[in-house]
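Working notes for the structure below.
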Amino acid sequence: MQNFLSTIATIWRLSLPYFRSEDRWPARILLAAVVALELSGVAIHVILNQWYNRFYNTLQDRDWNAFVSAILFFCVLVAIYTVLVVYQVYLNQWLQIRWRRWMTQNYLRHWLSAANHYRMQLLGDAADNPDQRIAEDMQLFVQFTLSISIGILNSIVTLCSFIVILWTLSARAPLHLFGSSVNIPGYLVWAALIYAAIGTTLTHLIGRKLIPLNFQQQRLEADFRFNLVRTRENSEQIAALGGEPAEREGHLNRFGLVVGNWFALMQRQKLLSFFTQSYSQASVIFPYIVVSPTYFSGAVQLGGLMQTASAFNSVQSALSYFITSYRSIAEWRAVVQRLTGFQEALAAGRAAALTPPVIEVVPREGEAALTIDHLKVRLPKGKLIVGVENLALRAGEHVLVTGPSGAGKSTLFRALGGIWPFGSGRVTVPKDAKVMLLPQRPYFPVGTLAAAVSFPAKAGALDNARIAEALVAVGLPDLVGRLGEEAHWNRMLSLGEQQRLGIAHVLLQPPDYLLLDEATASLDEAAEAALYRLLQERLKGATIISIGHRSTLGAFHGRRIALMAADEFHQAREVTLVPAAE
């Protein structure tokens with residue numbers, strides 16, 4: 001019961017924001033319409049139950065006129081019921097897509113907000129495969145929440161409606177055992193309750209393991225798909241290393257886990273299906289067994305028998321909703337757990353950026369330089385890797401950062417760029433100053449080349465003539481004619497071409513502070529020198545801070561900062577100013 005109440009509270013917490021959102025009135029109206037149509041369907045079932053009595057009595061009495069009248073009445077009811085069902089499905093689907101659209105927009109906003117997605121990865125991202133959470137789990141959550149909630153509502157209303165009918169019929173047709181009448185008020189109701197309670201209990205005992213198995217199946221399927229995508233994204237490196245056998249073995253091992261869990265699901269579903277199918281088939285004949293002594297005693301006519309059996313089946317079906325929908329409920333609960341985990345990971349990512357101690361990046365009015373005060377950069381688990389006491393990077397300066405591999409140079413740049421909160425201290429930047437971090441492997445979205453080089457600006461925000469001029473300036477004239485071509489540019493271009501394209505991006509959207517994290521390391525020295533001269537020429541007032549290992553870079557920087565081991569016990573790194581190389 002505690003788990004049940006906890007699950008209901010979680011579902012309520014996941015669902016309620018939509019019905020309080022900016023789309024709340026269409027959502028509420030659609031939900032009310034779906035509920036009203038569902039209740040109307042229950043009302044028609046109640047009317048049909050009464051119709052059963054009249055119809056079968058006309059058959060028993062061989063009353064032709066009454067028979068024709070009953071058939072016409074039935075046709076009208078069926079026509080109304082068909083319209084109700086069609087529009088209920090239509091409006092339900094309409095509500096589903098609106099709800100899913102809002103949830104997708106909302107979760108994407110929180111996931112892709114202020115580097116939250118990046119922090120979630122750094123924290124270990126307990127919510128594995130966010131793509132699956134957004135693309136699949138939200139669709140399943142909306143679908144299951146509506147279908148199961150409406151099903152439960154239908155069962156409750158049906159139960160309340162038909163219990164009254166069944167109780168009344170129990171009084172009209174008292175129980176007959178061994179040729180004598182036994183007065184048990186509402187005995188048909190009690191029979192239905194006992195039958196459903198036994199079925200529900202046994203179903204839960206047999207099927208409760210489906211919930212963790214469904215959760216595990218979704219996770220394993222997502223992991224398998226994610227690693228297939230990684231193979232596709234890194235096909236060149238895999239081919240160059242001859243790594244196909246190792247990749248294939250890895251994929252087959254992951255798929256083996258999928259298959260193993262699937263077999264466990266099959267076994268559990270087989271056991272559950274044996275019981276539920278037997279239960280469902282028995283429920284068809286059970287009411288006739290209960291009422292048949294009364295019928296054969298002559299206490300009720302055929303119509304009364306059929307009405308009683310119909311009402312009994314309606315009550316029993318309402319009480320047995322848990323049994324018939326157990327698989328869907330198990331999948332629903334697994335989806336709820338996955339979305340809850342995703343929400344918790346989103347909250348943890350936000351908290352990492354806001355809960356002290358954190359590295360503060362503060363814009364300040366009147367500030368003329370990027371200043372660093374008592375900065376300590378740590379790994380997510382708390383290990384100190386870089387320390388900077390006091391440092392000012394003035395406008396227009398060109399600074400080279402050096403140090404051994406693993407010293408934390410790239411992590412320091414991430415802290416300066418405002419995406420690495422782990423640590424303490426303050427980075428102050430001039431108000432409205434634009435800081436751009438360009439990594440060794442730049443990112444380009446799938447789309448046209450013009451849109452890729454303009455990212456994150458919207459497609460069409462930059463004039464094609466400007467883009468073409470920037471491409472020529474960075475040494476990519478062959479790409480000018482492909483501005484309208486759509487492709488996966490991180491796969492189409494060599495790393496050197498990607499780095500040239502990254503510099504073109506800088507020229508098109510010039511920053512005030514440019515952090516180059518080995519952003520030209522894949523180019524030869526002559527090409528690298530040409531690009532640095534281009535940056536010095538085009539970004540005259542910008543501060544350029546570079547990470548690099550080549551001695552030739554010293555010619556393009558007026559200052560050099562070296563990261564050196566300061567205290568191995570604390571695994572800290574101290575930033576020290578040293579003269580630039582001649």
Side-chain angles (χ1 to χ4, degrees), residues 233-234 236-237 239-240 396-405 409-410 413 417 435-445 448-455 462 464-483 485 487-562 580-582:
E233 295 287 343
N234 297 280
E236 181 181 352
Q237 297 92 320
E397 278 195 314
H398 295 174
V399 182
L400 178 63
V401 178
T402 62
S405 297
K409 302 184 294 297
S410 296
F413 269 32
V435 180
M436 181 185 292
L437 171 58
L438 190 63
Q440 186 174 7
R441 183 182 291 273
Y443 168 76
F444 303 105
T448 65
L449 180 60
V453 76
S454 301
F455 181 82
L462 300 178
N464 277 1
R466 285 185 59 202
I467 298 175
E469 189 277 330
L471 292 178
V472 173
V474 299
L476 296 173
D478 294 341
L479 295 182
V480 172
R482 303 172 66 182
L483 288 177
E485 180 182 335
H488 190 325
W489 298 104
N490 282 106
R491 291 170 55 191
M492 291 285 292
L493 303 177
S494 69
L495 186 54
E497 289 173 319
Q498 292 178 45
Q499 291 184 343
R500 289 179 185 270
L501 202 60
I503 299 298
H505 168 79
V506 172
L507 299 180
L508 291 167
Q509 302 182 61
D512 300 293
Y513 292 88
L514 176 60
L515 308 175
L516 298 173
D517 185 0
E518 299 190 72
T520 56
S522 294
L523 300 171
D524 59 76
E525 292 183 359
E528 183 177 60
L531 289 181
Y532 266 96
R533 283 192 290 270
L534 179 66
L535 289 173
Q536 289 178 338
E537 177 186 339
R538 298 286 185 93
L539 307 179
K540 292 189 181 297
T543 301
I544 299 176
I545 311 165
S546 306
I547 293 174
H549 297 283
R550 290 175 178 165
S551 59
T552 53
L553 287 176
F556 302 100
H557 299 83
R559 297 172 65 185
R560 180 180 294 176
I561 299 172
E582 296 297 332

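Source: prediction; values computed, not measured.
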- Task: For Asn464 and Val480, indicate whether the former's side chain and the latter's backbone hold a donor-acceptor pair under 3.5 Å.
- Result: no

- Query: Closest heavy-atom contact between Gly548 and Thr402?
  - Reply: O-CG2, 3.7 Å

- Message: If we ignore hydrogens and angles and just use 3.5 Å, is the side chain of Gln440 paired with the main-chain N or O of Asp517 as donor and acceptor?
- Response: no

- Shortest non-hydrogen separation from Gln498 to Pro442 and the atoms involved: O-CG, 3.3 Å

- Message: Could you tell me if the side chain of Leu493 sits less than 4.5 Å from the side chain of Arg500, heavy atoms only?
- Response: no

- Task: Working to the nearest 0.5 Å, report the span between CG of Leu437 and OH of Tyr513.
- Result: 15.5 Å

- Message: Could you measure the distance from the CG atom of Asn490 to the CG atom of Leu495? Nearest 0.5 Å is fine.
- Response: 9.5 Å

- Item | N/O donor-acceptor pair under 3.5 Å between Lys409 side chain and Ser546 backbone | no

- Item | Leu501 vs Leu471, side chain to side chain contact (heavy atoms under 4.5 Å, CB included): CA-CA, chis, key distance, verdict | CA-CA 7 Å; Leu501 202 60; Leu471 292 178; 3.3 Å; yes

- What heavy-atom pair brings Trp489 and Ala452 nearest, and what distance separates the two atoms? CD1-CB, 3.7 Å

- Task: With rounding to the nearest 0.5 Å, note down the distance linking CG in Leu535 to CD1 in Ile544.
- Result: 5.0 Å

- Task: Walk me through it: do Arg538 and Glu469 pass the test salt bridge (Lys or Arg N to Asp or Glu O under 4.0 Å)?
- Result: CA-CA 13 Å; Arg538 298 286 185 93; Glu469 189 277 330; 2.7 Å; yes

- Message: Any side-chain to backbone donor/acceptor pair from Glu497 onto Leu476? Under 3.5 Å, distance only.
- Response: no

- Query: Between Met436 and Pro511, what is the shortest heavy-atom contact and its length?
  - Reply: CB-CB, 3.7 Å

- Item | For the student: nearest non-hydrogen atoms of Pro445 and Ala451, plus distance | CG-O, 4.5 Å

- Task: With rounding to the nearest 0.5 Å, note down the distance linking CD in Gln509 to CG in Leu462.
- Result: 5.5 Å

- Task: Check whether any side-chain heavy atom of Leu507 sits under 4.5 Å from a side-chain heavy atom of Leu534, and report yes or no.
- Result: yes

- Are Ser454 and Ile467 close enough that some pair of their side-chain heavy atoms sits under 4.5 Å apart? yes

- Message: Once rounded to the nearest 0.5 Å, what's the spacing between atom CD of Glu525 and atom CZ of Arg550?
- Response: 5.5 Å

- Message: Angle between ring planes, Tyr532 versus His557, binned at 30° and 60°: parallel, tilted or perpendicular?
- Response: perpendicular

- Item | Side chain Gln499, main chain Ser522, donor-acceptor under 3.5 Å | yes

- Message: Given 3.5 Å as the limit, does a donor-acceptor pair link the side chain of Thr543 with the main chain of Gly396, or not?
- Response: yes

- Query: When rounded to the nearest 0.5 angstrom, what distance separates CZ in Phe413 from CG in Leu438?
  - Reply: 11.0 Å

- Message: Taking Leu523's backbone N and O only, do any of them form a donor-acceptor pair with Thr520's side chain (distance below 3.5 Å, no angle check)?
- Response: no

- Query: For the side chain of Arg559 and the backbone of Val399, is there at least one donor-acceptor N/O pair under 3.5 Å apart?
  - Reply: no

- Message: Looking at every non-hydrogen atom in both residues, tell me the closest pair between Arg482 and Leu449 and how far apart they are.
- Response: O-CB, 3.4 Å

